[in-house]
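Below is one structure, written out as structure tokens; the observations come after it.
If you read the sequence from its start, that first residue is 1, and numbering goes on from there.
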Amino acid sequence: MKIELEFENVPDNIENAIAEIRVEDQSEADAPAIRLSSKRVGPFLIQHSQPKVTLDVDLTIPDGNHELSILVRVKGHTQSNQPIEFLNTTTTSLPTGSELVQVTLSRIL
């Protein structure tokens with residue numbers, strides 16, 4: 001699966017970024033999400049001038065009638081060695097049969 005990450009509010013180039021990608025089942029409205037699969041990917045570079053990165057991720061996704069969502073958290077360091085973190089703050093549904101999933105990540109301050 002290819003995941004395109006678009007980063008908002010990137011102050012500088014981000015080095016040694018690591019993405020934690022989780023697929024969760026959201027089908028039970030009153031219950032907490034169930035983690036079905038997770039993977040860490042990296043390290044990679046996020047450029048301030050072009051804050052998009054496409055990752056090729058091998059995730060195990062079960063068959064069935066699940067309401068799947070994807071949660072992405074990225075941690076790295078700026079060029080001045082300051083820690084920085086990004087997260088998708090809204091639920092991103094995982095489309096069925098799609099080769100490219102687009103996720104927008106906001107900086108956690």
Q) Should Val57 and Ile70 be counted in the same cluster of Ile, Leu, Val, Met, Phe, Trp and Tyr side chains packed under 4.5 Å apart? A) yes
Q.
Rounded to the nearest 0.5 Å, what separates atom CG in Leu105 from atom NZ in Lys52?
A. 12.0 Å
Q) Do you know the tightest heavy-atom contact between Val10 and Pro51? A) CG2-CB, 3.8 Å
Q.
Rounded to the nearest 0.5 Å, what separates atom CD in Glu20 from atom NZ in Lys75?
A. 7.5 Å
Q | Heavy-atom side-chain proximity of Leu45 to Ile14 below 4.5 angstrom | A | no
Q. Do Leu55 and Met1 share a hydrophobic cluster, counting only Ile, Leu, Val, Met, Phe, Trp and Tyr and linking them when any side-chain heavy atoms are less than 4.5 Å apart?
A. yes
**Q.** Atom pair CG/CD1 of Asn9 and Ile84 - distance to nearest 0.5 Å
**A.** 7.5 Å
Q | Inter-residue atom distance Arg22.CZ - Asn88.CG, 0.5 Å rounding | A | 9.5 Å
**Q.** Check: Phe44 and Asn16 side chains under 4.5 Å, non-hydrogen atoms
**A.** no
Q) Quick one: are Ser38 and Leu71 in side-chain contact, heavy atoms under 4.5 Å? A) no
Q. How many angstroms lie between atom CG of Leu100 and atom OG1 of Thr54, to the nearest 0.5 angstrom?
A. 6.5 Å
Q.
What I want to find out is whether Glu8 reaches Arg107 closely enough, with some N-O distance under 4.0 Å, to be called a salt bridge.
A. no
**Q.** Short side-chain to backbone donor-acceptor contact, His77 and Glu15, under 3.5 Å
**A.** no
Q | Ile21 CD1 to Lys39 NZ distance, which is reported to the nearest 0.5 Å | A | 9.5 Å
Q) Closest approach of Val74 and Ala19, non-hydrogen atoms and distance? A) CG2-CB, 3.8 Å
Q. Taking side chain as C-beta onward, heavy atoms only, is Thr104 less than 4.5 Å from Phe86?
A. no
Q) With hydrophobic residues grouped by side-chain heavy-atom distances under 4.5 Å, do Leu5 and Leu87 end up in a single group? A) no
Q. If every non-hydrogen atom of Ile108 is compared with every non-hydrogen atom of Arg73, which pair is closest and at what distance?
A. CD1-NH2, 3.7 Å
